[in-house]
Trainee: 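Got a structure for you, written out below as structure tokens; questions coming shortly.
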Protein chains: 2
Amino acid sequence: MKALKSHYHHGDLRATLVEAAVRLLETEGIDALSIRRLAELTGVSRAAPYHHFQDKRELLCAIAEAGFVQQEATLTALEDLQGRERIEQFVHTYVSFATQHREQYDLMYGREIWKNSGATTSLEVVAKQCFKRWLSEVTALQAQSILNNNLPAVRVAQVSWAALHGLCRLINDGIYADDADIEAMEASLVAMLVS
Amino acid sequence: MKALKSHYHHGDLRATLVEAAVRLLETEGIDALSIRRLAELTGVSRAAPYHHFQDKRELLCAIAEAGFVQQEATLTALEDLQGRERIEQFVHTYVSFATQHREQYDLMYGREIWKNSGATTSLEVVAKQCFKRWLSEVTALQAQSILNNNLPAVRVAQVSWAALHGLCRLINDGIYADDADIEAMEASLVAMLVS
DNA sequence: CCCTAATCTTGACAACGCTAAGATAATAAT
DNA sequence: ATTATTATCTTAGCGTTGTCAAGATTAGGG
């Protein structure tokens, strides 16, 4: 017979923690995301999460990883588009994801995770695969002469992604504060990439 | 007669703190930068810094501000260059500053400072002036037909700066890990901006 | 039914940001 | 010269955090 209030063997605490973390992250921001509060939210003791994550950073990596697969999903939905429309939608979708999941995006590409090669190997795999995808995207667009094809695909991929990423960061960090400008900046980015 | 070990009225504690903070930041990283350690380093009590900075964030703003004026100085040194060489050197100087002052650069353009409009007004002034400078740079390059002049200068400035910034972040965050690629990426960035 | 391994709890430690109350020193006023 | 004012620094302490060690509880295989 199961005791009602028994908190032992929660079920799948790991997944529950990640879910709660993503939610908490998006509603209250990174500063509010503490192991202790997370434990409290999921009705478990402060030390419990440490049986599923070595570190806080490992938890953050799991959040980031979830972000990557979600982002991947939104981008894969554009498969049937071609040519210029494709890159336009790609940019728009990318920026939208970043602005709608600010905190998670910051985590995915942020220092907290990547410095001192602190990323989980499983996260590294997902992230690398994400860049590979963009690389093949670029190669295709180069073949259609939509992107600069005087430069190696790797370079074009690196620089264009940097531009996309930089735009998202400046927006998310509140440096390009005016939200009404986002569309215009997206359009200009595309224009400058394809010209 | 002055007591030797008197820690009262340090002299210019505010400046001393900022200096020590910049040093500590660059040597041990942002995580090691605590008010308490800073106080210890400058031989003062833990609460002393709070008489010169309301918050930790205000201290961080001061560090960022110092970074902006230093960066401004390195960029002003390029005044006599023209045309394509100018933009090349500009990019190179910008990236070099970012990589040589990683932690400070991250602070300058990072969330920690800008979110929730948490920047000091004096920092906001310096930063805004920095963008204005880049804007006029862009206008000049547009006039020489080096940069895209089918788009408003503001947009070109926003996007190109985003590209520059994004590149720096990806490098600093260790996502574009290979340092040997930096030069090539700089060159490609310029190529894509001017093409 | 018991044993092992997985899982969770309690209790504690050090470090952190920050505050309140009081001590000390420089400065200005008398 | 003495006093009052103000700026500056200190000591003591609160609440929060990440993390660990030791022990309690439970699930599942022999």
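This one's a predicted model, so the numbers in the text were calculated from it and none came from an experiment. The figures that follow rest on heavy atoms only: side chains count, while hydrogens, waters and symmetry mates do not. Chain naming here is simple, since letters A, B, ... match the order of the sequence lines and numbering starts at 1 in each.
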Trainee: Hey, is the side chain of A:His52 poking within less than 4.0 Å of OP1 or OP2 on C:dA6, counting only N and O atoms?
Mentor: no
Trainee: With a 4.0 Å limit, can you tell me whether A:His51 has a side-chain N or O closer than that to the phosphate oxygens OP1/OP2 of C:dT9?
Mentor: no
Trainee: To the nearest Å, how far apart are B:Leu13 CG and D:dA7 P?
Mentor: 16 Å
Trainee: Roughly, in whole Å, what's the span from CD1 in B:Ile30 to C1' in C:dC16?
Mentor: 14 Å
Trainee: Measure from the side chain of B:Tyr50, starting at C-beta and using heavy atoms only, and say which of C:dC8, C:dC18, D:dG18 lies closest.
Mentor: C:dC18
Trainee: Rounded to whole Å, how long is the line connecting atom CZ of B:Arg57 with atom C1' of C:dC16?
Mentor: 17 Å
Trainee: Taking atom types as modelled, is there a side-chain donor on B:Thr120 or B:Arg57 under 3.5 Å from an acceptor on the other?
Mentor: no
Trainee: Side chain of B:Ala47 only, heavy atoms from C-beta on: which candidate in C:dG17, D:dT17, D:dT10 is closest?
Mentor: D:dT10
Trainee: Write down the distance between CD (B:Glu58) and C1' (C:dT19), rounded to a whole number of angstrom.
Mentor: 16 Å
Trainee: Roughly how many Å is it from CG in B:Asp12 to C1' in C:dA26, rounded to a whole number?
Mentor: 15 Å
Trainee: Got a salt bridge between B:Arg102 and B:Glu26, using NZ or NE/NH1/NH2 to carboxylate O under 4.0 Å?
Mentor: no
Trainee: For A:Glu88, which residues count as a salt bridge (charged side-chain N to carboxylate O under 4.0 Å, His left out) partner, sequence neighbours excluded?
Mentor: A:Arg84
Trainee: Just how far, in rounded Å, is P of C:dG17 from CZ of B:Arg37?
Mentor: 12 Å
Trainee: In whole angstrom, what separates B:Phe53's CZ from C:dT19's C1'?
Mentor: 18 Å
Trainee: Under 4.0 Å between any heavy atoms, over every strand shown, what does B:Ser45 touch: base, sugar-phosphate, or nothing? Just pick one.
Mentor: base
Trainee: Roughly how many Å is it from CZ in B:Arg36 to C1' in D:dG13, rounded to a whole number?
Mentor: 10 Å
Trainee: Under a single-linkage definition using a 4.5 Å side-chain heavy-atom cutoff for Ile, Leu, Val, Met, Phe, Trp and Tyr, are B:Phe68 and B:Leu78 assigned to the same hydrophobic cluster?
Mentor: yes
Trainee: Salt bridge between A:Arg86 and A:Glu137, side-chain N to carboxylate O under 4.0 Å?
Mentor: yes
Trainee: Is there a donor N/O on one and an acceptor N/O on the other, under 3.5 Å, for the side chain of A:Arg46 and the base of D:dG18?
Mentor: no
